[in-house]
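Working notes, structure below.
Quantities reported herein were computed from a predicted structural model and do not represent experimental measurements.
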Amino acid sequence: MPNIKLFLGIDDTDDAASRGTGYRARQLGKLLTDNKLAELIAITRHQLLLHPRINYTSHNSSACLDLCVAQETYQACLEFCCEYISRTRVPTSDTGMCFATQEDINGNIRHFGLQAKVKVMGKDEAQKLVGQEGIVLVKSMGTGEGIIGALAAVGLRATGNDGRFIWLQGMRELTSSVYTPTELQQKANIYEVQNVDGVAVLPTAKILVGKWVRPILKENHAVLLVHEVKDNEKFEWCTVPKETVQKY
């Protein structure tokens, strides 16, 4: 039987004193892999609207795990995720989760994610939408407001053009050093290295990679952004500042 492409959106698991949702997403992805319940492909972070009417911990971002799940472990994978998030969430949080197969996600779900970046969305809107589309939303205690961000994360990930990667195999193991795009592809599954105008640099170019490496999601690929460096014998390009990546 073919494997299932599963997106798992998570939002609002933390408080100001605890580890963030991105950390929980990475830990969950590792446990799913270790327990042979799913293959973790990537994790992306998606920025949502900042507004006084929205209760968020720090930045109002949500995370989406990109998973490959076998048919026979699909239900066990969902149950494991629910148990883990329920057990590790901060008691004062309003955690929500969204499970969606690639086939489930259509234009309505993607539109909801895009709207959540510019408009205050409600739980009723999210629940009504998934009732029509067959996607699973899980409220893990609290008010369940997190289902809004969880659904938005899935929709935004499905657009293929939003957010940045917070986990790729080998990405966090990159050291501050000089690499070529070919080496980055081999070491960290980075599909392409581009300048901020969207032009790919040569596969043999020398790139200084800093400590904070976060490719963006562009056309369903992990793309690392760089800017040109003049008059340097050791490298021709350098990864863009953190502030530039945070705009995505």
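By the 4.5 Å heavy-atom criterion applied to side chains, Val201 and Pro181 are counted as neighbours. Side chains of Ser61 and Thr21 form no contact here, defined as non-hydrogen atoms less than 4.5 Å apart. Side-chain contact between Arg214 and Met171 is present, with at least one heavy-atom pair separated by less than 4.5 Å. Between Val69 and Leu37 there is no side-chain heavy-atom pair separated by less than 4.5 Å. Side-chain atoms of Cys64 and His46, non-hydrogen and from C-beta on, do get closer than 4.5 Å to each other. Between Asp66 and Phe7, the closest side-chain pair of non-hydrogen atoms falls below 4.5 Å. Within the 4.5 Å cutoff, the side chain of Pro241 has no heavy atoms near those of the Gln246 side chain. Residues Leu217 and Asn161 form no side-chain contact, since every pair of their non-hydrogen atoms from C-beta on lies 4.5 Å or further apart.
Taken together through direct or relayed side-chain contacts under 4.5 Å among Ile, Leu, Val, Met, Phe, Trp and Tyr, Leu225 and Trp237 form parts of separate hydrophobic clusters. Criterion: ILVMFWY side-chain heavy atoms under 4.5 Å apart, direct or through other members. Under it, Ile166 and Tyr23 are not part of a common hydrophobic cluster. Cluster annotation: Val196 and Val193 are assigned to distinct hydrophobic clusters (Ile/Leu/Val/Met/Phe/Trp/Tyr, side-chain heavy-atom contacts under 4.5 Å, transitive). Following chains of ILVMFWY side-chain contacts shorter than 4.5 Å, one cannot reach Val223 starting from Tyr179, and the two form parts of different hydrophobic clusters.
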- Message: Between Tyr74 and Leu6, is the side chain to side chain contact (heavy atoms under 4.5 Å, CB included) condition met? List the steps.
- Response: CA-CA 9 Å; Tyr74 179 75; Leu6 178 67; 4.1 Å; yes
- Item | side chain to side chain contact (heavy atoms under 4.5 Å, CB included) evaluation trace for Asp104 with Val136 | CA-CA 10 Å; Asp104 288 330; Val136 178; over 6 Å; no
- Item | Val213 and Leu224: CA distance, side-chain angles, deciding distance, side chain to side chain contact (heavy atoms under 4.5 Å, CB included) verdict | CA-CA 8 Å; Val213 183; Leu224 187 66; 4.0 Å; yes
- Task: Verify salt bridge (charged side-chain N to carboxylate O under 4.0 Å, His left out) between Glu243 and Lys247, making sure each step is shown before the conclusion.
- Result: CA-CA 7 Å; Glu243 295 73 21; Lys247 296 176 182 178; over 6 Å; no
- Message: Assess the residue pair Lys30 and Asp34 against the criterion (salt bridge (charged side-chain N to carboxylate O under 4.0 Å, His left out)); give the C-alpha distance rounded to whole Å, side-chain angles, the decisive distance to 0.1 Å, and a yes or no.
- Response: CA-CA 6 Å; Lys30 182 178 186 305; Asp34 291 347; 2.8 Å; yes
- Message: Between Leu32 and Tyr84, is the side chain to side chain contact (heavy atoms under 4.5 Å, CB included) condition met? List the steps.
- Response: CA-CA 10 Å; Leu32 288 171; Tyr84 172 81; over 6 Å; no
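Applying the salt bridge (Lys or Arg N to Asp or Glu O under 4.0 Å) definition to pairs two or more places apart or across chains, those involving residues 225-235 are Glu228-Lys230. Contacts classified as salt bridge (Lys or Arg N to Asp or Glu O under 4.0 Å) and involving residues 217-226 (residues at least two apart or in different chains) are not found.
For the atom pair Phe165 CZ and Ile216 CD1, the distance stands at 9.0 Å (nearest 0.5 Å). Rounding to the nearest 0.5 Å gives a distance of 8.0 Å between CG of Leu208 and CG of Asn232. A distance of 11.5 Å separates CD1 of Ile190 from CD of Glu183, quoted to the nearest 0.5 Å. Atom CZ of Phe99 sits about 9.0 Å away from atom CG of Leu67, to the nearest 0.5 Å. Atom CD in Gln169 sits 9.0 Å away from atom CD in Glu39 (nearest 0.5 Å). The distance from the OG1 atom of Thr180 to the NZ atom of Lys206 is 10.0 Å, given to the nearest 0.5 Å.
Distance alone, capped at 3.5 Å, places no donor-acceptor pair between the Gln185 side chain and the Thr182 backbone. The backbone N or O of Glu83 lies less than 3.5 Å from no partner atom in the side chain of Ser86, so there is not a single donor-acceptor pair. Side chain of Thr244 to main chain of Val240: no donor-acceptor pair is present (N/O by atom type, distance under 3.5 Å, no hydrogens or angles).
More than 12 non-hydrogen atoms from other residues, nucleotides or ligands lie less than 6.0 angstrom from NZ of Lys123.
Evaluation of the ring pair (Phe, Tyr, Trp, His ring centres under 6.0 Å) rule for His221 yields Tyr191 as partners, not counting sequence neighbours.
Contact detail for Ala63 and Ala153: the closest heavy-atom pair is O-CB, 3.6 Å. The minimum heavy-atom distance linking Val226 with Ile207 is given by the pair CG1-CG2, 3.8 Å. Minimum heavy-atom separation, Ala188 to Leu174: CB-CD1, 4.0 Å. Asp11 and Ala150 get closest at one heavy-atom pair: CB-N, 3.6 Å. The two atoms that bring Cys98 and Ile135 nearest to each other are SG-CG2, 3.4 Å, heavy atoms only. Heavy atoms only, all atoms of each residue included: Leu48 and Ser62 are closest at CD1-OG, 3.8 Å.
Among Ile41, Leu40, Val154, the one residue that satisfies the side chain to side chain contact (heavy atoms under 4.5 Å, CB included) test with Leu65 is Leu40.
Using a 3.5 Å distance cut-off with no hydrogens or angles, the side chains of Thr159 and Asp162 do not pair a donor with an acceptor.
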